[in-house]
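Okay, so here's the structure we're looking at.
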Amino acid sequence: MPTTSARLLALLSLLQARRDWPGDLLARRLEVSSRTVRRDIDRLRELGYPIAAFKGPDGGYRLEAGAELPPLLFDDEQAVALAVALRIAATATGAGIEEAAARALTTVRQVMPARLRRRIDTLGITAVDGPAHRPGSPVDPAVLTALGAAVHAREILRFDHAAPPGAGAGAGAGDAPAPASGPVPPRRVEPHHLVARAGRWYLVAWDLDRTDWRIFRADRISPRTPTGPRFAPRELPGGSVAAFVTGRFRGGDGTGDWPCRGEVILGLPAAEVAPYAGDGIVEEAGPHRCRLVLGSWSWTGLAAAFARFDAAIDVVGPPELTAAFARLAQRCADAARTGDGPAGRG
């Protein structure tokens with residue numbers, strides 16, 4: 001039979017795993033008698049855990065919310081997830097909870113076993129404000145841990161990077177799209193920061209082969225081992241991680257200027273467009289109309305960004321945007337004809 005303290009921890013873990021536990025089932029899971037379960041429930045109540053008993057054929061116990069927060073029990077993955085969330089909250093801006101999150105992270109870290117403290121200490125995370133209306137992309141926790149460890153150790157990182165649709169294999173933010181041709185060598189970078197922005201994770205790094213700063217989507221990274229030699233950190237442009245990342249997403253040189261910027265009148269109210277305009281500028285232009293200014297890496301990409309609003313569009317300028325709409329329309333017409341054969345009919 002396990003010791004009383006070990007049995008109490010096991011009982012608490014079970015009570016936290018589901019809402020209702022029949023007493024007989026708890027006894028079987030813990031391999032003790034129902035009388036022992038009742039005594040252990042009383043001990044947990046004395047420690048401050050609000051455990052209610054419910055009656056019925058399968059009468060049992062339920063861990064409820066109480067007036068005070070009692071000690072909690074987390075498994076390894078829960079503890080790491082909690083620390084990651086607190087670290088993001090501690091680095092976020094405008095939420096008003098930064099100091100409290102930092103103190104909570106310190107408290108959690110102090111009671112963690114050494115193996116978990118090492119994992120947490122390698123995860124240096126920066127939270128950057130971004131568009132709120134975008135679904136997040138799941139990232140393997142092992143990948144985040146590997147990236148965080150390389151950032152913390154200042155070791156050169158090698159990885160494979162899956163290209164976004166329409167780009168060559170291995171492409172990262174700031175790379176021109178290129179068709180894939182044969183095996184692609186791994187990227188070699190000096191990792192500097194792990195960034196959370198608008199539901200996605202990014203690695204900010206100095207690309208050794210392209211001799212420039214790059215931002216990589218973490219969900220597209222497959223780290224290779226072992227890591228390379230240590231490096232001396234370079235100075236990041238923009239003055240801060242947030243300024244650099246925000247600048248790169250708004251424009252390639254970090255100044256906030258997109259290489260392509262255009263203006264249209266949309267047949268939608270400004271209130272409907274604003275939540276989905278990202279860093280664009282939205283102004284009222286009359287009943288059920290608004291003026292929208294957006295930027296992008298290419299003119300065709302900019303035309304597609306305007307077209308996604310599924311509304312009437314009047315191009316204000318520049319002429320390059322008008323020409324891009326014509327190219328996009330031709331591509332869509334060609335796609336419609338390609339899908340009009342037997343294989344394309346639903």
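Predicted, not measured: the structure shown is a model, and the values here were computed from it.
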request  = Evaluate the criterion salt bridge (charged side-chain N to carboxylate O under 4.0 Å, His left out) for residue pair Asp219 and Arg217; output intermediate values, then yes/no.
outcome  = CA-CA 6 Å; Asp219 59 301; Arg217 283 264 299 270; 2.8 Å; yes
message = Rounded to the nearest 0.5 Å, what separates atom CZ in Arg214 from atom NE2 in His161?
response = 11.0 Å
query = Side-chain contact, heavy-atom cut-off 4.5 Å: Leu14 with Leu30?
reply = yes
query = Trp213 side chain to Pro237 main-chain N or O, any donor-acceptor pair under 3.5 Å?
reply = no
ask   = Could you give the distance from CZ (Arg291) to CD1 (Ile265), rounded to the nearest 0.5 Å?
value = 4.0 Å
note = Heavy-atom nearest pair, Ile313 first then Ala307, reads CD1-CA, 3.9 Å
request  = Heavy atoms only: give me the nearest Pro22-Phe54 pair and the separation to one decimal.
outcome  = N-CZ, 4.4 Å
message = Can you classify the ring geometry of Phe159 versus Phe216 as parallel (below 30°), tilted (30 to 60°) or perpendicular (above 60°)?
response = perpendicular
message = Measuring only between side-chain heavy atoms, which start at C-beta, is Leu236 closer than 4.5 Å to His192?
response = no
request  = Might you work through the side-chain contact (heavy atoms from CB on, under 4.5 Å) test for Leu321 and Val316, ending with a clear yes or no?
outcome  = CA-CA 9 Å; Leu321 179 58; Val316 177; over 6 Å; no
query = Does any non-hydrogen side-chain atom of Val151 lie less than 4.5 Å from one of Leu203?
reply = yes
key: Nearest heavy atoms of Ser296 and Gly301, plus distance in Å   = OG-C, 3.8 Å
query = Atom CG in Asp20, atom CG in Leu15: separation rounded to 0.5 Å?
reply = 10.0 Å
request  = Give, for atom CG of Leu294 and atom CZ of Arg308, the distance between the pair rounded to the nearest 0.5 Å.
outcome  = 6.5 Å
query = Do Phe231 and Pro191 come close enough that some side-chain heavy atom pair is under 4.5 Å?
reply = yes
query = Can any side-chain N or O of Arg331 pair as donor or acceptor with the backbone N or O of Leu328 at less than 3.5 Å?
reply = no
remark   = OG1 of Thr322 to CZ of Arg327, rounded to nearest 0.5 Å, is 10.5 Å
request  = Find the distance between CG (Leu26) and OH (Tyr61) and round it off to the nearest 0.5 Å.
outcome  = 8.0 Å
task = Quick one: closest heavy-atom pair of Leu302 and Arg261, and the distance?
result = CD2-C, 3.7 Å
message = Quick test of your reading of the model: are Asp42 and Arg39 salt-bridged, counting only N-O distances below 4.0 Å?
response = no
key: Least distance between heavy atoms, Gly228 atom then Glu155 atom   = O-CB, 3.7 Å
Min side-chain heavy-atom separation Leu157-Ile221 under 4.5 Å = no
query = Are Leu147 and Trp201 close enough, and set up right, to give a side-chain contact (heavy atoms from CB on, under 4.5 Å), and what steps lead you there?
reply = CA-CA 11 Å; Leu147 298 182; Trp201 292 89; over 6 Å; no
key: Least distance between heavy atoms, Glu263 atom then Phe306 atom   = N-CZ, 4.3 Å
